[in-house]
2 protein chains.
Amino acid sequence: MRGNIPAATVARLPLYLRSLVEVAASQRTCSSEEIALLAGVNPAQVRKDLSYLDPPGVRGVGYKTAPLRDLLRRELGLTRNLRVAIAGAGNLGRALASYPGFADGGFEIVALLDTDEAKVGEMINSVVVSSMRDLERIIRDEGVDIGVIATSATAAQSVVDRFVSAGVQSILNFAPAVLKVDDRVHVRRVDLSTELQILAYHQSPTFE
Amino acid sequence: MRGNIPAATVARLPLYLRSLVEVAASQRTCSSEEIALLAGVNPAQVRKDLSYLDPPGVRGVGYKTAPLRDLLRRELGLTRNLRVAIAGAGNLGRALASYPGFADGGFEIVALLDTDEAKVGEMINSVVVSSMRDLERIIRDEGVDIGVIATSATAAQSVVDRFVSAGVQSILNFAPAVLKVDDRVHVRRVDLSTELQILAYHQSPTFE
DNA sequence: TAGATTGTTAATCGATTAACAATC
DNA sequence: TAGATTGTTAATCGATTAACAATC
């Protein structure tokens with residue numbers, strides 16, 4: 001049942017989970033149509049996506065809200081309290097370390113690393129900045145599951161190489177760079193300037 | 001020629017542009033294979049995508065680097081110096097205001113808004129924080145093209161409604177919420193906790 | 001039973017890519 | 001001319017969604 005869920009479906013599961021958390025407060029069951037409305041997708045899409053997970057759905061009634069929410073949490077691995085290290089304690093790294101959505105989702109920021117020794121020892125949202133030199137030791141000692149790259153584009157590749165060598169298999173990359181990694185490593189790219197440029201396209205004078 | 005470019009193609013243009021800026025320093029021409037390697041996509045994809053733009057390609061030789069770079073800049077609308085307002089001067093809003101990739105891409109942050117009057121007047125990267133109450137006036141006076149939502153999820157919908165009413169047609173949403181807007185408005189969602197949750201999926205014990 | 005909604009199939013849609021003719 | 005690489009077609013692949021049988 002696992003491992004063959006399409007990537008596009010996996011990417012929508014967090015959206016469904018958010019919708020269910022919202023609905024769970026007031027309803028014991030909810031329909032694919034309600035979930036779809038909150039998630040901004042097609043109801044058939046919701047049913048198809050959920051069907052991969054053997055969901056607690058009852059024909060003619062809907063999905064049992066709380067059990068479906070819990071199923072999604074389990075499937076996404078959010079019951080495991082994953083440990084996150086952030087490389088780069090610049091403005092972005094600091095903002096990420098303080099981002100409430102991370103802690104809410106069961107993620108724990110266990111390290112914030114920077115090459116600037118002047119920043120080492122500084123406290124940001126109850127995480128102490130460590131030296132980038134200690135990256136390997138920290139990953140091992142802290143049992144880091146996920147690495148976040150909030151460094152410059154030039155530093156990004158070497159940092160990700162060190163993360164991967166030390167055993168980190170999941171990377172969230174905020175640096176404006178395309179990282180080259182082993183096929184087994186999962187990289188997700190969040191590229192702020194790319195996003196703005198895509199919006200800029202729709203602003204072009206010739207458009208519409 | 002414009003307006004019928006597939007969304008998936010548009011989303012890759014910034015990646016090609018970045019590759020070309022890199023290559024332009026040392027090469028007068030470059031092949032689809034070189035661009036593909038740097039952008040992390042298939043060479044046929046590159047040729048197909050560029051073919052929508054009537055590119056400066058020469059069979060047997062490659063694309064003329066500088067003209068192609070400039071064409072991409074024009075197509076993306078980066079020659080227009082677009083004006084950006086950021087709603088929310090929390091950690092994320094501040095980090096965005098200071099993000100070098102924005103200024104580099106020809107985007108100008110012209111406003112940073114917050115409901116907290118204590119923050120009003122504060123200076124962040126040469127932008128003064130304004131009161132959220134003045135949103136409509138600022139959008140008009142400053143000629144804002146793109147709105148960035150860096151508020152809480154609860155405030156996001158009302159802020160985007162005000163942006164849209166005031167004439168902003170392009171929105172970059174960092175709030176963990178699905179915004180409901182008119183079809184003509186372009187919204188791009190950057191959801192940090194969703195990205196982490198997708199990575200978490202690949203960390204699940206049952207996976208692989 | 002009538003009404004509702006899931007689960008699933010099959011059709012549609014769109015995006016990716018292999019292949020190759022055009023041509024520098 | 002031989003070699004290279006674009007531009008484009010057609011095949012493939014995968015994702016979305018309409019439709020409906022199953023069933024509460």
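By convention in this document, chain letters (A, B, ...) are assigned in the order of the sequence lines, proteins followed by strands, and residues within each chain are numbered from 1.
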- [ ] Could you state the atom-to-atom distance from CD of A:Gln45 to P of D:dA15 in whole Å?
- [x] 10 Å
Identify all side-chain donor-acceptor contacts of residues 64-71 of chain B below 3.5 Å with residues at least two apart in sequence or on another chain.
{"from": "B:Thr65", "atom 1": "OG1", "to": "B:Gln27", "atom 2": "O", "distance (Å)": "2.9"}
{"from": "B:Thr65", "atom 1": "OG1", "to": "B:Arg28", "atom 2": "O", "distance (Å)": "2.9"}
{"from": "B:Thr65", "atom 1": "OG1", "to": "B:Thr29", "atom 2": "N", "distance (Å)": "3.2"}

- [ ] For DNA chain C, produce a single dot-bracket line, 5' to 3'. Pairs: Watson-Crick or G-U wobble, both distances under 3.5 Å. Symbols: ( ) within strand, [ ] crossing, | other strand, . unpaired.
- [x] ..||||||||||||||||||||||
TODO: Give every residue pair that meets the salt bridge (Lys or Arg N to Asp or Glu O under 4.0 Å) criterion with at least one member in residues 6-18 of chain A, sequence neighbours excluded.
DONE: A:Arg12-A:Asp49, A:Arg18-B:Asp191
Task: B:Asp49 CG - D:dT6 P separation (whole Å) - done: 14 Å
- [ ] With sequence neighbours left out, write down each residue that passes side-chain contact (heavy atoms from CB on, under 4.5 Å) with A:Glu22, or none if nothing qualifies.
- [x] A:Leu38
Task: Distance, rounded to the nearest Å, where A:Asn42 contributes CG and C:dG14 contributes C1' - done: 16 Å
Open item on the list: Base, sugar-phosphate or nothing for B:Pro43? Non-hydrogen atoms, less than 4.0 Å.
Closed with: nothing
- [ ] Quick one: list whatever passes side-chain contact (heavy atoms from CB on, under 4.5 Å) with B:Arg59, sequence neighbours left out.
- [x] none
- [ ] Ignoring the backbone of B:Pro6, work out which of D:dT8, C:dT17, C:dA15 is nearest its side chain.
- [x] C:dA15
Open item on the list: Tell me every residue that passes ring pair (Phe, Tyr, Trp, His ring centres under 6.0 Å) with A:Tyr16, counting only those two or more places apart in sequence or in another chain.
Closed with: none
Are any protein N/O atoms closer than 3.5 Å to N/O atoms in nucleotides 10-13 of chain D? If there are, list each pair with its distance.
none

- [ ] In whole angstrom, give the distance that lies between atom CG of A:Leu53 and atom P of C:dT8.
- [x] 12 Å
TODO: Provide, to the nearest angstrom, the distance between the OH atom belonging to A:Tyr16 and the C1' atom belonging to C:dT6.
DONE: 15 Å
Task: Protein-nucleotide distance (A:Leu50, atom CG; D:dT16, atom C1'), rounded to Å - done: 15 Å
Task: Protein-nucleotide distance (A:Tyr52, atom OH; C:dT6, atom C1'), rounded to Å - done: 16 Å
Task: Exercise: identify the closest heavy-atom pair between B:Asn91 and A:Ser98 - done: ND2-CB, 3.4 Å
TODO: Please list all pairs passing the side chain to side chain donor-acceptor pair (under 3.5 Å) test where one or both residues lie in residues 157-166 of chain A, with sequence neighbours left out.
DONE: A:Glu136-A:Arg162, A:Gln157-A:Asp161
TODO: Look at atom CD of B:Glu33 and say whether more than 12 heavy atoms of other residues, nucleotides or ligands are closer to it than 6.0 Å.
DONE: no
Task: Residues which pass salt bridge (charged side-chain N to carboxylate O under 4.0 Å, His left out) with B:Glu195, listed by chain and number, not counting sequence neighbours - done: A:Arg188
Open item on the list: List the residues meeting side-chain contact (heavy atoms from CB on, under 4.5 Å) with A:Asn42, not counting sequence neighbours, and say none if there are none.
Closed with: A:Ala44, A:Gln45
Quick test: give all pairs of protein nitrogen or oxygen and nucleotides 1-5 of chain C nitrogen or oxygen below 3.5 Å, distance rounded to 0.1 Å.
{"from": "C:dT5", "atom 1": "O4'", "to": "A:Gly60", "atom 2": "N", "distance (Å)": "3.1"}
{"from": "C:dT5", "atom 1": "O2", "to": "A:Gly60", "atom 2": "N", "distance (Å)": "3.1"}

Task: Residues forming a ring pair (Phe, Tyr, Trp, His ring centres under 6.0 Å) with A:Phe163, sequence neighbours excluded - done: none
